[in-house]
Asks: 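Quick one: structure below, then a few questions.
Each chain gets a letter, A, B and so on, in the order the sequences are listed, and its residues count up from 1. Hydrogens, waters and symmetry mates are skipped; everything else that's a heavy atom, side chains included, is used.
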Amino acid sequence: MTKVRFAPSPTGYLHIGNFRTALINFLFAKNKNGHFMLRIDDTDDERSLKKYEDAIKEDLSWVGINWDSLEKQSSRLSYYDQALQKLLDKKRAYPCFETAEELSLKRKKQLSSGKPPIYDRSALNLSDSDIADLKAKGRSPHYRFLLDHKDVNWNDLVKGTSQYNMSNLSDPVIIREDGRVIYTLASVVDDIDFEVTDILRGEDHMTNSAAQIQLFEALESSPPNLGHLSLLTDISGAGLSKRLGSISLRDLKDEGFQPMAISSLLSKVGSSDAIEIFRDINQIISDFDISKFGKSKPKFDKNELRGLNSKLFKMLDFSDISNQLKKFNFKISSDFWELVKGNIENLEELELWWNIIYGNIEPKYNDENFLNTALETLPEGNFDKNTWTNWTSILMEETGRKGKELYNPLRMCLTGQNKGPEMATLVFLMGRGKVLERLTNK
RNA sequence: GGUCCCUUCGUCUAAUGGUUAGGACACCGCCCUUUCACGGCGGCAAUACGAGUUCGAAUCUCGUAGGGAUCACCA
């Protein structure tokens, strides 16, 4: 069975790059009736916070991504120790005693003399007695994985035939000086134990993957299928870290974006499918195909998201949205929703239209003579659904105007906007009192 | 600096040596609508640059330029 995992570290809120990876893993698995595992990579306990773990779960749930199982690396520490022992026995791991400062200095030197900052493996020269001496002095080692300096090849689900020469890489540290495991090892151990079949993640993991392939093999397993998605950039083409990293899912939520608008965009952008709005995640699942994703970097455009959001609102009935409308401190009726849903990009705009119809706004008078005539011909009595048509028919006869010439001054005066929902219903909901107020309140 | 990856309309992309370089979104125009929008129809618009291979190159090769990623006792 297909089994994937999404493995965030709880060191911050889910941003849109992260979320896209989660979504694509979810869609990939569900399309194959597979298993989607949420794995909390909290081995860095200095930076990991429960608050973020909760937030990540909450955000995933908000968009309808449900996990079939949940694991936390912090509860699996003994397995990582066993893996280290195995690697030590096979001479694929070795102890190192350099301090972080020494290593950093070394890298700087290499870089300034034009050389790649790759670890020189000097700890490999330590004899058993050297190591014993250092330990006796109270020094405790960190451990590195000994890479095999050769080409690693794999057939990437997204990138196709891929290759990396391991001599361009430092032997990765897998256990810290204080004994805590590092992601590189923990992730592989978990992927083996939980029988993950496919790893889908960003192309920033490309070199990690190359090293981890050797780790899978050293642990007498075989690597899962690997797919590296091209990273999202902002509209100018700048990388994720610069700006998109700061757009979290919660920001989008707060800005009034709907989960399905976000999922619709992020599941299709960068693929050869058309970007369109989907009402239901199952529709996206059923035609998901990882091979449709391209190798170049797609751009995330909030305007595109706005468009999808407004298309979604048009599709929603009052009953679909009424829960979300409770957050407003004014009561929204079904009639009101049906009237304005075709003219909004996000829910916050409801407040504007609510004020236009029921509250106070600054009307715009751009044709006083005409508006005077409108005032004179305003029908008496309570408004009904035909009032607008009757009224404008009279106005048309009186003034000879029609079309935009007829409607625009009324729209501007009554709503303060040059566009918006259909006037007939809008005026009916407004009622005679409010219309009179706007017409006379110049 | 080393290594890896990327570059087709504004945007997402299709075209795996022969196409008038196709589609979707956006934009513009027309129609529909006595207004906004929806919808229908149409239009604008691209192979980063330079060589090479070939009868023929978006496609293969090399170079140039631009962009991204990575090179942590982070994940």
Asks: Hey, are A:Lys299 and A:Asp234 close enough for a salt bridge, meaning a charged N less than 4.0 Å from a carboxylate O?
Replies: no
Asks: Starting at atom CG of A:Asp120, determine the distance to atom C1' of B:G2, rounded to an integer number of angstrom.
Replies: 16 Å
Asks: Show me the protein contacts with nucleotides 57-66 of chain B, counting only N or O atoms at under 3.5 Å.
Replies:
none

Asks: Find every protein N or O atom lying less than 3.5 Å from an N or O atom of nucleotides 21-25 of chain B, and list the pairs.
Replies:
none

Asks: Side chain to side chain contact (heavy atoms under 4.5 Å, CB included) for A:Asn18 and A:Tyr13? Distances and angles first, verdict last.
Replies: CA-CA 9 Å; A:Asn18 273 341; A:Tyr13 294 115; over 6 Å; no
Asks: Using atom CG of A:Leu406 as one end and atom P of B:U34 as the other, report the distance to the nearest whole Å.
Replies: 12 Å
Asks: Between B:C38 atom P and A:Leu308 atom CG, what is the distance in whole Å?
Replies: 14 Å
Asks: Do A:Arg139 and A:Glu177 sit within salt-bridge range, that is, some charged N less than 4.0 Å from a carboxylate O?
Replies: no
Asks: Which parts of nucleotides 70-75 of chain B does protein reach within less than 4.0 Å, heavy atoms only, written one letter per nucleotide 5' to 3' as B for base, S for sugar-phosphate only and - for none?
Replies: SBSBBB
Asks: Give none if B:C4 has no partner; otherwise give the nucleotide forming a Watson-Crick or G-U wobble pair with it, both distances under 3.5 Å.
Replies: B:G68
Asks: A:Lys299 side chain: which of B:U11, B:C5, B:C38 is closest?
Replies: B:U11
Asks: Can we say A:Lys50 and A:Asp42 salt-bridge, meaning some charged N sits less than 4.0 Å from an Asp/Glu carboxylate O?
Replies: no
Asks: Can a salt bridge be assigned to the pair A:Asp41 and A:Arg39 using a cut-off of 4.0 Å between side-chain N and carboxylate O?
Replies: yes
Asks: Can you tell me how far C1' of B:C38 sits from CD1 of A:Ile277, to the nearest Å?
Replies: 16 Å
Asks: Mark yes or no for a side-chain to base donor-acceptor pair under 3.5 Å between A:Ser393 and B:U34, with no hydrogen or angle criteria applied.
Replies: yes
Asks: Who is the Watson-Crick or G-U wobble partner of B:C30, with both distances under 3.5 Å?
Replies: B:G40
Asks: Tell me whether A:Asp148 is salt-bridged to A:Lys150, with the criterion being a basic N under 4.0 Å from an acidic carboxylate O.
Replies: yes
Asks: Can you tell whether the side chains of A:Glu203 and A:Lys297 come within less than 4.0 Å, N to carboxylate O?
Replies: no
